[in-house]
Amino acid sequence: MSSIEVNNLNVWFDDKQALKGVNMTIPEKGITAIIGPSGCGKSTFIRSINRMNDIIPSCRVQGQILVDGKDLYGPGVDVTQVRKNIGMVFQRPNPFPKSIYENIAYAPRIHGTRDKKKLGEIVERCLRRAALWDEVKDRLDKSAYDLSGGQQQRLCIARALSIDPEIVLFDEPCSALDPIATAKIEDLLEELKDDYTVVIVTHNMQQAARVADRTAFFYLGELIEFGDTSQLFERPENELTENYITGRMG
Amino acid sequence: MNMLSRSAKEKLYFGLFRACGALVVLTLVVIVAYMLVGSLPVLSLDFLTEPPRGANARGGILTPLVGTIYLMIIVFAFAIPIGVLSAVYLAEYQGKGRGARFWSIVVSNLAGVPSIVYGLLGLGLFVTFAGLGRSLIASGLTLAILALPIVISAAREAIQAIPPSLREASLALGATKWQTIQHHVLPYALPGILTGVILALSRAAGETAPILLTGAAFYMSSMPDSIFSQFMALPYHVYAVATQTMAGMNGSPVVYGAAIVLLLLVIGMNLIAIIVRKRYREKYRW
Amino acid sequence: MKLINRTGAFGRAAARVGFKGFDGAPHLILFIITLISASVLVAVAAFLIFGSLQAFNVIGPVELLFGESWRPTSFFNQAFGMLPLMVGTFLVSFLASIIAIPIGLGCTIYLAEIAHPRIRAFLKPAIELLAGIPSVVYGLFAMLILQGWVAQVFGLQHGYVALNGGIILAVMMIPIMVSLAEDAISAVPRELREASYALGATRWETMRSVVLPAAMSGILAAIILSIMRAVGETMAVLMAFNQTPILTLDPFSGVQTMTATIAIEMGEAAVGGLHYSALFAVGVVLFVITLLMNTIANRIMSRYAEAYR
């Protein structure tokens, strides 16, 4: 199982520094929430864990992120291998305009699984894991676009699990969903946390309080405070954290 | 003009604009109608399957029609792969900065070059410099170059219309950039690319000036036997019959017939492109 | 977990020398292909200039560009002065523009603002089809039918005159102008219109004082691009009137355009000869004119894109 150790992480977009000297160790398993006002660098932070920032040409990263003691930004590291080991779910559901089956089978196939039977097993396991199997098992060959928004997002979670990751990143996964769909996703997160190291960015403090074991508060590109969720919300050590939580800011 | 009330003024202007719209549609109808009526005496399957006779004054259009199809095949073989792959590079690898602006200016300038100037290029580059002579391949390559900017800009637009979130989803699963392009970007953009390809081919099929300089023949008794021989082509045939034969100058059905076949070929391809685009917009609503 | 794989030494080296976000072989291959397509523009320029060098050298640029007579095949007083050709192109394009611009704008406004959505859904593709008709078909129509009408209306012996070319070019310009200008008008945000309606303006007042000014640069670019089409058109012009290189602005006279000159005379010019080279020089002038017009249209368009994004 994988813990994530971040050492002095700095990220720039052109000349603008988005993350400043972030140090933090995310232990394995459980849910870690990242909160903070918009523009605080929380999305940048989570996207640097699977090197998704690399696709932005103006982005420059300095520092270390160690997973299992190996530096993701070390020399000779292949970004596709990094992403193959870390799953990600995005703000808006973004299924491929293909069938439900193809959405899940895609990643295993490009990583070398050709066997039809095996792919079928992976599809079923991931869809069960994402609590979607019973709703879609009779129409796996139908377009993913026929699903509702909440179902699409669970399909995206199943897709993220299809690469057998140890870490799963969620970048505000519920921001485009209604409250009922949100509740389903939150239940799902609870189930996943025993097997995966889950990191979730959320702009919704209640959501962090509901689901997260640990919470980190970012402000203007810096990590202000990181600790157990209950402690951070009830007895914040930093004044900035307290102001944010009590609604005096952002 | 204060004598007119505001709403009367509006009625007057709107009437004028309506008339303009009607005039444009009327033009299309009139042109097609004249071609159609003029060609009625010759329109039959025989017209398509017989070669021209009597120094183009009689007979059908088989030889020019086949020549035009050959030209389209050459354009398809050269312009489409190069155009689509260039579009992929421009849309996926080039980014959005200054470079991208530079490239789109290059493409738009290429699209604006008059077709006769492409003819000069073909004459200089393919006929003379490359030593291909006045031939099918020289004309085909010239038309391919003319079609290139059309393919590039249509394909580029289709690729850029795909939401970035789908690329991110693929990359986040550990796919390489090329796998992402191959498995997602190109398939989703295919209908849009197809629209551009059809439009480019129809443009190439209808062009006269470039092939006039690079190898189209006024009359040939047989089909071109290789890509290095001269050829007849439909648009040039229309021009040749109209200006070089008495029959054509007097509006013989033969010339109208050639024109209506060309018109139907090109309009048909354009219609298919419009339908493909419409279907595509209905299918993918990101 | 395994992190190092696939990325070969080649990719790493490329990334080190500054090929940012280098993606291996596909990246390189696509880049080369794109260079090939872009080199077309360079090739056009290079072959035109190369072909025209002789003419510029022997005749001299001033005489070649501004000389008042074009007599390429005359044995005793051969002359290569492009002015009559440029004026011919100007005259025909000008006649086409004064016909096409008002009608085209009227049609655009009708299509964008007045037409019922169902009519619009039919009309827009119809106009695109009109833009797709091969120029030789327009030319044939001008030669066999329009010519007679022009002769009749203006009491001429025959209608193979510059005006006939102007009319058929106008017919060809309008669809291009309409589809580009319609895009510009549709891009005007709805909020602007609503603000005007809310102040009690009629639809026409809103259009004239809010929508049209807002879309003006896009409309202007559409007009320029459609004029460019007229300047560069060959076949329709060739067939619409008698090609006679005389220096005149009379719409009821025959003139000779630059494009038609290349099309007619290239067949008679000996490869590598002075006449051949002079025709390439005509191509250079055409190329430069279209490049200029395109650049102006691009400038106007990008300014307009900035204003609304």
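Note on naming: letters A, B, ... go to the chains in the order of the sequence lines (proteins, then strands), and numbering restarts at 1 for each one.
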Closest approach of [X] and [Y], non-hydrogen atoms and distance?
X        : Y        : value
C:Ala38  : B:Trp103 : CB-CZ3, 3.0 Å
C:Gly283 : B:Val117 : O-CG2, 4.1 Å
C:Val136 : B:Pro235 : CG2-O, 3.5 Å

Practice problem: Indicate yes or no: does B:Glu10 engage C:Arg208 in a salt bridge with an N to O separation below 4.0 Å. | Solution: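 Salt bridge absent between B:Glu10 and C:Arg208.
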
Quiz item: Which region of C:Ile289, side chain (C-beta onward) or backbone (N, CA, C, O), has a non-hydrogen atom less than 4.5 Å from a non-hydrogen atom of chain B, or is it both or neither?
Solution: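 Neither the backbone nor the side chain of C:Ile289 comes within 4.5 Å of chain B.
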
Self-check item: Side chain / backbone / both / neither for C:Met207 at chain B, heavy atoms under 4.5 Å
Solution: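 For C:Met207, the contact with chain B is made by the side chain alone.
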
Practice problem: Could you check B:Leu265, B:Leu234, B:Ile267, B:Leu262 and say which one makes a side chain to side chain contact (heavy atoms under 4.5 Å, CB included) with C:Pro134? | Solution: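 Answer after filtering B:Leu265, B:Leu234, B:Ile267, B:Leu262: B:Leu262.
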
Parallel, tilted or perpendicular: which describes the rings of [X] and [Y], with under 30° parallel and over 60° perpendicular?
X        : Y        : value
B:Tyr34  : C:Trp149 : perpendicular
B:Phe14  : C:Trp204 : perpendicular
B:Phe129 : C:Phe47  : perpendicular

Exercise. Name the option with the most non-hydrogen atom pairs under 4.5 Å to chain C; the candidates are B:Leu125, B:Thr27, B:Val266.
Key: B:Leu125

Heavy-atom distance under 4.5 Å to chain C: side chain of [X], backbone, both or neither?
X        : result
B:Ser104 : neither
B:Leu28  : both
B:Val25  : side chain

Quiz prompt | Option in C:Leu140, C:Leu286, C:Thr259, C:Ile174 with maximal non-hydrogen atom pairs under 4.5 Å from chain B | solution = C:Leu140

Practice problem: Go through B:Leu120 and C:Met266 one step at a time and tell me if the side-chain contact (heavy atoms from CB on, under 4.5 Å) criterion holds. | Solution: CA-CA 9 Å; B:Leu120 285 179; C:Met266 199 47 109; 3.3 Å; yes

Exercise. Tell me, with the steps shown, if B:Tyr13 and C:Ile109 meet side-chain contact (heavy atoms from CB on, under 4.5 Å).
Key: CA-CA 10 Å; B:Tyr13 281 114; C:Ile109 296 173; over 6 Å; no

